[in-house]
Amino acid sequence: MKKNAFLFSGQGSQYAGMGKELAENYPAVGNIFTLGSEILGFDLLKKIENNELDSTLTVQPAVFAVSVSALLCFREHARQAGNFASDGSASVAGHSLGEYAALFACGSVSLEDGFKLLKIRSEVMHKAAQNAKGGMAAVLGCGANLVEEVCREISEKGDYITAVNYNSPVQTVVAGVETALEKAEKLMLERGARRFTKLNVAAAFHSDLMKGAAEEFKEKITEISFKAPEIPFYSNVTGKKLEDFSDMPAYLAKHICSPVRFTDQLFAMQADGFDAFLELGPGKVLSGLVKKTLPDATVGNVEDVKSLESAKEALL
């Protein structure tokens, strides 16, 4: 029997119409969007259908809703894998924003509180993006050590930049001020990176430039209820299974301005015996990263009816 690791998509994986087919075929999915819309104060599914996904305020809860919908559909069709019983046969992890769907999947937060968390998170990050200057770029074709070395050299001279997403052994995302990104592009390409691609994002997420947002977020989520997970939850912040759930507001605040150690998470899950990875949510970004990092793993995704059918055959 395969041990399944359930992965949840992050910001940047969104696209127009995502989740619509699942909502049309599964009434319970419609209920997810209805609840989200009530909490957010706008019609979430309509925003997705109209491709109104440029704002952090919309994207974060939208991706969460689609990811949770994919999870619900997989559970309905494969309860032996999707019940997430505490028998060690399943685990969860998310990439950045995806951690919130992972927290729901492992039983740590309710669906309602998940939407409440993302309403607050998107608001504070939207404000931070307007106030803080900065950007992000993906560095391809070299190891993280080179990326860290270049970032350290540039930062020591006064232009802040740091590695923020460890996506695969040959893909690392950096974030910092624009002057630092320009210098980093030149140096990294000179030293062997294959590509340096600026990302279409509003700010330098997961960096120290988000500390103000993190502090405000922590203050605003103290009333949210968190439970101990029913199955293992692997953390972006530590790159390992998270053991301490005693102060989740502090953890989630730290998460906003800490690197996403996704590669370490995959290695940790593999070391713990998880050999099948299912991405739940829009797109196949995480599926691609798994294939690059763990080439022998079984990989699937669920984002619509067709992919759901394929995932059932591959993983069950």
Side-chain angles (χ1 to χ4, degrees), residues 3-13 60 63-64 67-68 71 84 86 88-110 113-114 117-118 120-121 125 144 148 162-169 171-173 175 205-208 210-211 213-215 217-218 221 224-281 285-286 289-290 293-294 297:
K3 292 182 68 175
N4 295 326
F6 297 88
L7 308 178
F8 296 91
S9 314
Q11 193 166 336
S13 59
Q60 292 196 13
V63 172
F64 172 78
S67 298
V68 169
L71 168 69
F84 297 98
S86 55
S89 62
S91 66
V92 297
H95 188 287
S96 187
L97 165 65
E99 281 218 341
Y100 290 81
L103 285 170
F104 168 77
C106 73
S108 183
V109 297
S110 68
D113 282 341
L117 284 167
L118 286 172
I120 298 168
R121 186 180 190 263
M125 292 181 72
E148 292 170 342
T162 188
V164 293
N165 291 352
Y166 295 85
N167 287 340
S168 81
Q171 182 188 131
T172 306
V173 174
F205 298 125
H206 290 289
S207 76
D208 285 351
M210 290 289 107
K211 281 189 172 180
E215 292 170 2
F217 183 60
K218 181 181 177 181
I221 65 170
I224 298 291
S225 176
F226 295 91
K227 299 177 182 178
E230 298 169 3
I231 57 169
F233 171 94
Y234 288 78
S235 161
N236 286 173
V237 176
T238 67
K240 299 181 290 186
K241 183 169 69 174
L242 188 65
E243 303 287 357
D244 184 3
F245 282 75
S246 62
D247 190 354
M248 289 305 289
Y251 170 82
L252 291 175
K254 184 177 182 181
H255 179 260
I256 286 177
C257 53
S258 294
V260 173
R261 302 188 180 280
F262 189 68
T263 306
D264 288 343
Q265 288 173 263
L266 293 181
F267 286 133
M269 285 185 280
Q270 182 188 54
D272 289 342
F274 296 99
D275 54 0
F277 295 81
L278 180 65
E279 179 176 6
L280 295 149
V285 173
L286 302 188
L289 296 178
V290 174
T293 306
L294 307 175

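Note that the structure is a prediction, hence the values are computed from the model and not measured.
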Discussion item. For the CD atom of Q60 and the OG atom of S96, what is their distance to the nearest 0.5 Å?
Written reply: 7.5 Å

Worksheet item: side-chain contact (heavy atoms from CB on, under 4.5 Å) between T172 and E148: does it pass, once the steps are laid out?
Response: CA-CA 9 Å; T172 306; E148 292 170 342; over 6 Å; no

Worksheet entry | Straight-line distance of F274 CZ to S91 OG, nearest 0.5 Å | 3.5 Å

Worksheet item: Closest approach of S235 and V237, non-hydrogen atoms and distance?
Response: OG-N, 3.0 Å

Practice prompt. Locate the shortest heavy-atom distance separating A105 from V92; write the atom from each residue and the value.
Written response: CB-CG1, 3.9 Å

Worksheet item: Could you walk me through whether L71 and F8 pass the side-chain contact (heavy atoms from CB on, under 4.5 Å) check?
Response: CA-CA 9 Å; L71 168 69; F8 296 91; 4.2 Å; yes

Worksheet item: With distance as the sole test, does E230 use its side chain to make a donor-acceptor pair with the main-chain N or O of G107 at under 3.5 Å?
Response: no

Worksheet item: Is there a side-chain contact between E99 and V260 (heavy atoms, below 4.5 Å)?
Response: no

Worksheet item: If you measure from CG on D208 to CE on M210, what distance do you get to the nearest 0.5 Å?
Response: 10.5 Å

Counting only pairs under 3.5 Å, give me each side-chain donor-acceptor contact of residues 264-271, with atom names and distances, residues two or more places apart or in other chains.
from	atom 1	to	atom 2	distance (Å)
Q265	OE1	N236	ND2	2.7
Q265	NE2	Y234	O	3.0

Discussion item. For K227, is there any backbone N or O sitting under 3.5 Å from a side-chain donor or acceptor partner on S108?
Written reply: yes

Discussion item. If I compare all heavy atoms of I120 with all of I221, which pair ends up nearest, and what's the gap?
Written reply: CD1-CG2, 3.9 Å

Worksheet item: Given side chains that start at C-beta, do those of L7 and F262 come closer than 4.5 Å, heavy atoms only?
Response: yes

Response to the item:
Taken to the nearest 0.5 Å, the spacing of H255 NE2 from F217 CZ works out to 9.5 Å

Worksheet entry | Stepwise side-chain contact (heavy atoms from CB on, under 4.5 Å) test for D244 and Y251 | CA-CA 9 Å; D244 184 3; Y251 170 82; over 6 Å; no

Practice prompt. Work out which heavy atom in T293 is nearest to a heavy atom in N167; give both atom names and the distance.
Written response: OG1-O, 4.1 Å

Item to complete: Decide yes or no for D113 and S225: does some side-chain heavy atom of the first lie under 4.5 Å from some side-chain heavy atom of the second?
Response: yes

Practice prompt. Drop me the distance from L286's CG to F277's CZ, to the nearest 0.5 angstrom.
Written response: 11.5 Å

Item to complete: Would you mind reporting whether F64 and L117 have side-chain heavy atoms less than 4.5 Å apart?
Response: no

Worksheet item: Can you check whether A90's main-chain N or O pairs, donor with acceptor, with N4's side chain at less than 3.5 Å?
Response: no

Practice prompt. Kindly compute the distance separating OH (Y166) from OG1 (T263), expressed to the nearest 0.5 Å.
Written response: 9.5 Å

Discussion item. Is it the case that the side chain of H206 and the backbone of C257 share a donor-acceptor pair, with hydrogens and angles ignored and the cut-off at 3.5 Å?
Written reply: no

Item to complete: Would you sort out whether I224 and M248 count as a side-chain contact (heavy atoms from CB on, under 4.5 Å), showing the intermediate values?
Response: CA-CA 9 Å; I224 298 291; M248 289 305 289; over 6 Å; no

Worksheet item: N165 versus H95: any side-chain heavy-atom pair under 4.5 Å?
Response: yes

Worksheet item: Of the non-hydrogen atoms in A175 and F205, which two are nearest, and what is the gap between them?
Response: CB-O, 3.9 Å

Discussion item. Using every non-hydrogen atom in the two residues, find where L289 and Q171 come nearest and quote the distance to one decimal.
Written reply: CD2-NE2, 3.9 Å

